[in-house]
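Each remark here refers to the structure printed beneath this line.
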Amino acid sequence: MAMNAISVHDEPVPVLAATTADQRESDRFQSFRDALCDVYLGIRPERPSSGSFDADVLAYDWDGAILSRMRAPGHEARRDAASLARVPDDALFVNVSPDSSSRLDHLGERWRMPAGAPILLDNSAPFALEFDPRRRFRLYSLRVPRTFAGVEPSGRAVADLNRRLSASGAGARLGAQCALLTTEFDAGRWDAASAMTRAVVAMLRGALTSVDVETDAPSRLESGKRAAYSRINDPDFDVHEFARSVNVSVRTIQNDFRASGETFRGWLLGARLDAARELLRSPAWRERSVEVVAAASGFRDIAHFHHVFRDRFDATPGSFRP
């Protein structure tokens with residue numbers, strides 16, 4: 001029996017939105033298991049020994065990375081040899097639970113994960129993940145294709161990365177970014193959550209390929225730009241905020257832009273103008289004035305907006321209306 005859909009009014013459209021709230025008690029756990037199949041391929045939760053099973057799952061797809069949130073009573077989930085044979089899948093999952101610890105047996109190691117600590121799961125290998133059955137938990141999982149970083153990591157590489165993340169500044173930074181991501185997800189601020197998802201993917205890509213976004217200028221700029229897209233509508237967003245997002249000095253960021261043939265100011269202006277053009281093209285913004293579009297794109301001065309818009313696109317803002 002399918003789980004009942006949660007009403008989601010904001011964009012983007014979720015790839016999975018389900019709850020057991022309106023199910024009969026006897027159907028709830030099976031409905032929950034069935035609902036997970038499209039995202040958590042081959043992963044089978046185990047029924048808790050007692051208690052009501054009130055759970056919900058919400059997932060979005062951003063550029064091929066699926067971010068999901070599960071809220072449920074504590075239970076165990078497994079991917080065993082039978083599951084591997086029945087539902088082959090080699091995706092990777094970044095898992096983090098902001099308020100619950102967990103235990104994980106995976107890739108020949110046993111992990112005790114404190115709340116807020118991220119860990120990478122290899123879905124092509126068996127594992128057992130257990131949350132305390134006496135309490136509810138929130139689990140955020142970011143599913144990425146195995147080759148998302150341009151390499152195909154082995155199980156040993158995944159295990160090595162988890163060891164590094166558990167004992168390094170890179171792991172702490174990834175955990176901090178995941179914490180921001182889960183906050184934006186829970187608040188329904190989808191633009192920010194999407195940008196932070198990309199930042200997490202960039203950090204993970206750097207970790208898998210031994211590229212540190214704090215020392216590699218192109219990776220640092222990519223990470224900063226992805227995070228900044230959630231802030232460009234804020235007229236107070238500046239190079240200082242950009243630099244803080246990647247934990248470096250303003251001078252370092254200015255040098256990074258210079259090395260790429262850009263300036264921060266020029267990049268930010270271009271990003272805001274591109275955002276304004278997309279809003280002007282959107283049927284959903286057809287009834288909004290150009291002044292409102294300009295403000296929503298980070299511009300305080302409407303006369304300045306008209307001037308720089310014409311300069312960039314050789315057209316007036318109104319000419320982009322549908």
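Start at 1 with the first residue, then count along the sequence. We use all heavy atoms of the structure for the numbers below, so side chains are in, but hydrogens, waters and symmetry mates are not. Just so it is clear, the model here is predicted, and its values are computed rather than measured.
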Do F299 and P235 touch side chain to side chain, with heavy atoms closer than 4.5 Å? no
Basic-acidic side-chain contact under 4.0 Å: E262, K225: yes
Cut-off 3.5 Å, side chains only: do R44 and S83 have a donor facing an acceptor? no
Test your reading of the model: is there a side-chain donor-acceptor pair from R28 to the backbone of S52, 3.5 Å cut-off? no
Donor-acceptor under 3.5 Å (R164 side chain, A207 main chain): yes
Stepwise salt bridge (Lys or Arg N to Asp or Glu O under 4.0 Å) check, R135 with D132: CA-CA 6 Å; R135 58 179 299 180; D132 187 343; 5.6 Å; no
Does the gap between the ring centers of F257 and F242 come in under 6.0 Å? yes
Please list all pairs meeting salt bridge (charged side-chain N to carboxylate O under 4.0 Å, His left out) that have one or both residues in residues 111-126, counting only residues at least two apart or in different chains. D122-R146
Looking at every non-hydrogen atom in both residues, tell me the closest pair between R138 and D186 and how far apart they are. NH1-OD2, 2.6 Å
Parallel, tilted or perpendicular, judged at 30° and 60°: which one describes the rings of W190 and F185? perpendicular
Closer than 3.5 angstrom, by distance alone: can the side chain of R79 be matched with the main-chain N or O of N123 as a donor-acceptor pair? yes
Determine, step by step, whether L41 and R143 satisfy the side-chain contact (heavy atoms from CB on, under 4.5 Å) criterion, reporting the C-alpha distance in whole Å, the side-chain angles of both residues, the deciding distance to 0.1 Å, and the verdict. CA-CA 10 Å; L41 298 183; R143 176 189 172 93; 3.6 Å; yes
Can you confirm if the aromatic rings of F32 and H75 lie within a centre distance of less than 6.0 Å? yes
So how far is it from L84 CG to D89 CG, rounded to the nearest 0.5 Å? 9.5 Å
Would a 4.5 Å heavy-atom cut-off, applied to side chains only, mark R189 and T183 as touching? yes
Determine, using the 4.5 Å side-chain heavy-atom cutoff (strictly less than), whether V151 and L204 are members of one ILVMFWY cluster. no
T197 side chain to S194 side chain, donor-acceptor N/O pair below 3.5 angstrom: no
Look at D54 together with R71 and state whether they make a salt bridge at an N to O cut-off of under 4.0 Å. no
Indicate yes or no for a side-chain donor-acceptor contact from S102 to the backbone of E130 under 3.5 Å, with no hydrogens or angles considered. no
Interatomic spacing from CG in L139 to CE in M70 - rounded to 0.5 Å: 5.5 Å
In terms of ring plane angle, is the pair F305 and F309 parallel, tilted or perpendicular, where the classes change at 30° and 60°? tilted
Side chains of S297 and L279, heavy atoms from C-beta outward: is any pair under 4.5 Å? yes
Should V200 and C178 count as side-chain neighbours, where that means a heavy-atom distance under 4.5 Å? yes
D238 side chain to E241 main-chain N or O, any donor-acceptor pair under 3.5 Å? yes
By side chain to side chain contact (heavy atoms under 4.5 Å, CB included), which residues pair with A157, not counting sequence neighbours? P153, S154
R78 vs D80, salt bridge (Lys or Arg N to Asp or Glu O under 4.0 Å): CA-CA, chis, key distance, verdict: CA-CA 6 Å; R78 291 182 176 273; D80 56 21; over 6 Å; no
Decide yes or no for P48 and F29: does some side-chain heavy atom of the first lie under 4.5 Å from some side-chain heavy atom of the second? yes
Does any donor atom in the side chain of Y40 or S68 lie under 3.5 Å from an acceptor atom in the other side chain? yes
State yes or no: are the ring centers of F93 and F127 separated by less than 6.0 Å? no
Please set out all donor-acceptor pairs under 3.5 angstrom arising from side-chain atoms of residues 263-272, sequence neighbours excluded.
residue: T263; atom: OG1; partner: G266; partner atom: N; Å: 2.9
residue: R272; atom: NE; partner: I232; partner atom: O; Å: 2.7
residue: R272; atom: NH2; partner: D234; partner atom: O; Å: 2.7

Could you pull out the closest heavy-atom pair between G155 and L107, with the gap in Å? O-CD1, 3.5 Å
Check whether R288 reaches the backbone of L280 with its side chain - one donor and one acceptor, N or O, closer than 3.5 Å. no
I'd like to know if the side chain of T20 and the backbone of A55 have a donor-acceptor N/O pair within less than 3.5 Å. yes
Check each of I66, L67, L58, D38 against V15 using the side-chain contact (heavy atoms from CB on, under 4.5 Å) test, and report the only one that passes. I66
Is there a path of hydrophobic side-chain contacts, each under 4.5 Å between heavy atoms of I/L/V/M/F/W/Y residues, joining F313 to W285? yes
Between E184 and L180, does the side-chain contact (heavy atoms from CB on, under 4.5 Å) criterion hold? Intermediate values first, please. CA-CA 6 Å; E184 297 303 312; L180 293 172; 5.5 Å; no
Hey, could you give me the NE2/CG distance between H306 and D311, rounded to the nearest 0.5 Å? 14.5 Å
Is a side-chain N or O of R110 found less than 3.5 angstrom from the main chain of L104, in a donor-acceptor match? no
Side chain D105, main chain A128, donor-acceptor under 3.5 Å: no
When you compare the side chain of L129 with that of N95, does any pair of heavy atoms fall below 4.5 Å? yes
Whether the side chain of R231 engages the backbone of A192 through a donor-acceptor N/O pair (distance < 3.5 Å, no angle test) should be reported. no
